[in-house]
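This report concerns only the one structure given below.
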Amino acid sequence: MTFKHNFKKVLSATAFAAALVVAPAANVSAATNDASSTQQSATATSQDQQASQDQAASQSSAANQSSSTSTSSATSTSTVKKVAKKTKKTKKTSKKKAKKKAKKTSKKSTKKTTKAATAAVTASADQSQATDQQDDAAKRAAEAAAKKKAAAKKAAAKKAAAKKKAVAKKAAAKKKAAAKKKSAEKAAKYWIAMRESGGYYTARNGSCYGRYQLLISYLGGDLSKKNQERTADRYVYGRYGSWVNAKRFWLAHNWY
């Protein structure tokens, strides 16, 4: 812009010199005045041009500044967009990382919880198994005790039954022996009665009387059948111990 201004000044000076050469001497003063006016006019024009150029420069500077501002604004907007985009991306990445971390933490927590639950279930199962084993052992012990008690009771009952049976058998044998003895006694008594009197309660042989031919003095004056039976038993059991023994003696001596 300074270069243009100097160039115009040079053109003005050249024009003035040419006017001095061509114009007549009489018109030198006028020419001088005209040159002066022209110079002033040129100076004013130059000033106007300078003002216009300054205004244009100012406008250009303002435009440049505005353009710079626009560019700066655009750059700032672009930067803001980039920052926003980057922030969004960072936020998205952070969110993704947080989500991934949360998922990982949740997975880890779930795995830990599952592991703890599995351990708890296993411990519970072991405890339940131990309890079941204890219950089974207690049940087996109770069953063994009950079985032992039942066996002891059965053995006691069997022993008692055997004892009772033995007693009964012994009693039966004793009873049978007694019955047999009684039968033998009865038979022996009958055998002697038949040998002594033929079985008559009124038979008499000297001082002997009755079915068993006892001394009349033994009967004590009572010759009844009942007294004869009672007196004969007392005599035989007192002298021989039994009618069987009395019979045995009779067989040996023909009397008793």
Side-chain angles (χ1 to χ4, degrees), residues 117-256:
T118 304
V121 170
T122 304
S124 179
D126 292 339
Q127 187 175 2
S128 178
Q129 187 177 3
T131 304
D132 291 340
Q133 288 177 354
Q134 289 178 354
D135 291 341
D136 290 339
K139 190 176 180 180
R140 284 196 297 271
E143 287 177 354
K147 192 173 181 181
K148 189 176 180 181
K149 188 177 180 180
K153 190 176 180 180
K154 189 176 180 180
K158 191 175 180 180
K159 188 176 180 180
K163 189 177 181 179
K164 189 176 180 181
K165 190 176 180 180
V167 170
K169 190 176 180 180
K170 189 176 180 180
K174 192 175 180 180
K175 189 176 181 180
K176 189 177 180 180
K180 189 176 180 180
K181 184 179 179 181
K182 187 177 181 180
S183 178
E185 286 291 295
K186 189 176 181 180
K189 186 177 182 181
Y190 178 78
W191 187 89
I192 290 174
M194 293 305 290
R195 293 295 180 278
E196 290 292 325
S197 64
Y200 293 102
Y201 285 100
T202 58
R204 186 167 186 170
N205 183 14
S207 59
C208 295
Y209 184 82
R211 181 180 177 88
Y212 301 100
Q213 291 296 298
L214 296 173
L215 291 173
I216 295 176
S217 60
Y218 288 171
L219 295 172
D222 187 1
L223 303 176
S224 64
K225 293 180 181 181
K226 188 176 182 180
N227 188 45
Q228 287 185 40
E229 292 289 337
R230 186 169 53 243
T231 302
D233 286 335
R234 187 168 60 246
Y235 169 76
V236 168
Y237 285 116
R239 185 179 178 92
Y240 301 105
S242 66
W243 284 99
V244 173
N245 292 334
K247 179 183 177 182
R248 194 174 294 121
F249 184 86
W250 198 100
L251 287 171
H253 301 91
N254 282 331
W255 63 277
Y256 74 105

Which pairs of donor and acceptor atoms, one on a side chain in residues 208-217, lie under 3.5 Å apart (sequence neighbours left out)?
| unit_1 | atom_1 | unit_2 | atom_2 | d |
| --- | --- | --- | --- | --- |
| Arg211 | NH1 | Gly199 | O | 2.6 |
| Tyr212 | OH | Glu229 | OE1 | 3.0 |
| Tyr212 | OH | Glu229 | OE2 | 2.9 |
| Gln213 | NE2 | Ala203 | O | 3.2 |
| Gln213 | NE2 | Gly210 | O | 2.9 |

Hey, can you pull the donor-acceptor pairs under 3.5 Å for the side chains in residues 129-139, sequence neighbours left out?
| unit_1 | atom_1 | unit_2 | atom_2 | d |
| --- | --- | --- | --- | --- |
| Thr131 | OG1 | Gln127 | O | 2.7 |

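Judged as a side-chain hydrogen bond (donor to acceptor under 3.5 Å, both in side chains), and not counting sequence neighbours, Thr202 has no contacts. In this structure, the side-chain hydrogen bond (donor to acceptor under 3.5 Å, both in side chains) partners of Thr231, at least two apart in sequence or on a different chain, are Asn227. Remark: Ser242 pairs with Glu185, Tyr237, Val244, Asn245 by the side chain to side chain contact (heavy atoms under 4.5 Å, CB included) rule, at least two apart or across chains. Residues passing the ring-ring contact (aromatic ring centres under 6.0 Å, His included) test with Phe249, sequence neighbours excluded: Tyr240, His253, Trp255. For Tyr235, the ring-ring contact (aromatic ring centres under 6.0 Å, His included) partners at least two apart in sequence or on another chain are Tyr218, Tyr256.
Residues in residues 142-171 take part in no salt bridge (Lys or Arg N to Asp or Glu O under 4.0 Å) pair, two or more places apart or across chains. Applying the ring-ring contact (aromatic ring centres under 6.0 Å, His included) rule to pairs touching residues 143-173 yields nothing, sequence neighbours excluded. Among residue pairs with one or both ends in residues 161-195, those qualifying as ring-ring contact (aromatic ring centres under 6.0 Å, His included) are Trp191-Trp250; sequence neighbours excluded.
Annotation: the span from Lys247 atom NZ to Ile192 atom CD1 amounts to 8.5 Å, rounded to 0.5 Å.
Inter-residue side-chain proximity for Glu196 and Asn205 is flagged as unmet; no heavy-atom pair is nearer than 4.5 Å.
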